[in-house]
Chemist: 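Questions regarding the structure given below will be posed in turn.
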Amino acid sequence: MAESGKVEIVGKPVQDLVLNSENQPKNYIYKEGGGGFRDAQDDDIPVIHLHRLSSPSTAQQELAKLHHALNSWGCFQEYCPTVYRKYKAETEVIIKAMTNSLNLEEDCFLNECGERDVMFLRFNYYPPCPMPDHVLGLKPHADGSTITFLLQDKLVQGLQGLKYDQWFKVPIILDALVINVGDQTEILSNGIFRSPIHRAVINSEKERLTVAIFCLADSEKEIKPVKNYSEIYFQYYHQGKRPIEASKI
Ligand SMILES: O=C(O)CCC(=O)C(=O)O
Ligand SMILES: [Fe+2]
């Protein structure tokens, strides 16, 4: 389990990583069905957990306050500039760690996202349903973000990730935020970091509330893999290498 003061990133099939306080990646992943943390393996669900930096319950309190302040949709920058800045800073730590782990220049993903990045917050409320097998809270999808911070309900589990055509429960870890890689990071990294398919299921007796913060690139920016195929084509051609291999990073 993460020690206080550490940022941990867990999961992702090709390049699993966890960050320690120096933002150095090391492999470590949460095991479904108990057993705590262990080394990442190929068949792990590509879900990422972030353990809060200093005060573990801050996120919970902060987001509870936001619940009162906003309706079901809110644009972060406009309503909550302080919280926006804080999550933006954390987004930058995570994205830079990802690029470092790929031996890329650490700002290259962030530069692609542009100056006018966007952060949206959504509250998901799932009322109880006596026939949970017949309804879904949120249908299978991948987030369209760079990354998504998800604060899970403290008591009621409901988030599931898809891996090899099977649904896995994402465990509730108190005082932790779940972080999903979104489609924009999958595109930027040329598929190395994958945006997991996930869904939310309904509980037969209890309501469930979650908060999702979606970080998105500037909508004017065209999102593309950071290594540009046409720029490297001749360099690789002359070296007798296949350029397509290089553009996969
Ligand atoms: O409520 C959940 O557990 C999942 C929420 C989610 O995936 C989303 O809002 O995109
Ligand atoms: Fe989602």
Side-chain angles (χ1 to χ4, degrees), residues 9-13 30 32-33 44-52 59-60 62-64 66-67 69-76 79-80 83-84 87 90-91 94-95 98 113 117-129 132-163 165-189 193-217 219 223:
I9 292 186
V10 183
K12 204 269 95 251
Y30 193 85
E32 168 72 5
D44 285 323
I45 327 169
V47 166
I48 286 179
H49 298 280
L50 172 85
H51 292 261
R52 301 281 308 179
Q60 204 92 28
E62 216 165 61
L63 293 168
L66 283 172
H67 189 202
L70 302 175
N71 294 324
S72 60
W73 261 115
C75 180
F76 243 30
Y79 295 100
C80 309
V83 180
Y84 163 73
Y87 280 91
E90 283 187 12
T91 304
I94 294 161
I95 301 267
M98 287 174 151
C113 293
D117 59 308
V118 179
M119 211 178 270
F120 278 104
L121 179 143
R122 185 171 67 209
F123 291 93
N124 299 305
Y125 175 70
Y126 307 97
C129 171
D133 295 342
H134 290 73
V135 287
L136 272 176
L138 209 53
K139 66 182 178 183
H141 66 282
D143 295 341
S145 53
T146 48
I147 56 171
T148 307
F149 294 89
L150 184 70
L151 180 70
Q152 296 229 61
D153 193 288
K154 267 184 172 171
L155 302 173
V156 185
Q157 199 283 330
L159 178 61
Q160 300 187 341
L162 186 67
K163 186 77 184 170
D165 292 331
Q166 267 191 302
W167 289 103
F168 292 86
K169 288 180 190 164
V170 176
I172 298 171
I173 303 178
L174 286 179
D175 299 325
L177 292 169
V178 172
I179 303 198
N180 273 342
V181 170
D183 287 348
Q184 294 188 344
T185 300
E186 176 161 341
I187 295 168
L188 288 166
S189 69
F193 289 107
R194 277 195 253 147
S195 167
I197 307 285
H198 54 283
R199 69 178 185 183
V201 296
I202 296 282
N203 190 283
S204 59
E205 285 161 12
K206 295 180 190 144
E207 60 183 14
R208 181 168 174 264
L209 181 71
T210 65
V211 186
I213 300 171
F214 302 93
C215 307
L216 296 144
S219 58
I223 298 291

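In each ligand, atom 1 is the first atom listed, and ligand 1 is the first ligand listed. Throughout, numbering of the chain's residues begins at 1 and tracks the sequence.
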Chemist: Are side-chain heavy atoms of Ile94 and Ile147 found at a separation under 4.5 Å?
Modeler: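 Yes, side chains in contact.
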Chemist: Which pair of non-hydrogen atoms, one from Ile197 and one from Pro140, has the smallest distance, and what is that distance?
Modeler: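 So the minimum-distance heavy-atom pair works out to CG2-CB, 4.0 Å.
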Chemist: Between the protein and ligand 1, are there any N or O atom pairs that come within less than 3.5 Å of each other, and if so, what are their names and distances?
Modeler:
residue  : atom   : partner : partner atom : Å
ligand 1 : 1 (O)  : Tyr126  : OH           : 2.5
ligand 1 : 1 (O)  : Thr210  : OG1          : 2.7
ligand 1 : 3 (O)  : Arg208  : NH1          : 3.4
ligand 1 : 3 (O)  : Arg208  : NH2          : 2.8
ligand 1 : 7 (O)  : His141  : NE2          : 3.2
ligand 1 : 7 (O)  : His198  : NE2          : 3.0
ligand 1 : 9 (O)  : Arg122  : NH2          : 2.6
ligand 1 : 9 (O)  : Asn124  : ND2          : 3.0
ligand 1 : 10 (O) : Arg122  : NH2          : 3.2
ligand 1 : 10 (O) : His141  : NE2          : 3.0
ligand 1 : 10 (O) : Asp143  : OD1          : 3.2

Chemist: Please answer whether the main-chain N or O of Tyr126 pairs with a side-chain N or O of Arg208 as donor and acceptor at a distance below 3.5 Å.
Modeler: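 Such a contact is absent between Arg208 side chain and Tyr126 backbone.
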Chemist: Applying side chain to side chain donor-acceptor pair (under 3.5 Å), name anything that partners Thr91, two or more places apart in sequence or on another chain.
Modeler: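 By the side chain to side chain donor-acceptor pair (under 3.5 Å) rule, Thr91 matches no residue at all.
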Chemist: Considering all heavy atoms of both residues, which atom of Val156 and which atom of Glu207 are nearest to each other, and what is their separation?
Modeler: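 Where Val156 meets Glu207 most closely, the heavy atoms are CG2-O, 3.5 Å.
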Chemist: Do you know how many protein N, O or S atoms are within a distance smaller than 2.8 Å of the Fe ion (ligand 2)?
Modeler: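 Step by step: take the Fe ion (ligand 2), keep protein N, O, S below 2.8 Å, and you get 3.
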Chemist: Using the test side chain to side chain donor-acceptor pair (under 3.5 Å), find all partners of Gln160 that sit at least two apart in sequence or belong to another chain.
Modeler: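 Scan of Gln160 (side chain to side chain donor-acceptor pair (under 3.5 Å), adjacent residues dropped) gives Arg199.
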Chemist: Taking the side chain from Thr185 and the backbone from Thr146, do they hold a donor-acceptor pair closer than 3.5 Å?
Modeler: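 Confirmed, Thr185 side chain pairs with Thr146 backbone.
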Chemist: Search all heavy atoms of Leu216 against all heavy atoms of Ser145 and return the closest pair with its distance.
Modeler: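 Heavy-atom minimum between the residues: CD2-CA, 3.6 Å.
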Chemist: Quick check: does any side chain N or O of Asp153 sit under 3.5 Å from a backbone N or O of Leu209, one acting as donor and the other as acceptor?
Modeler: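 Present.
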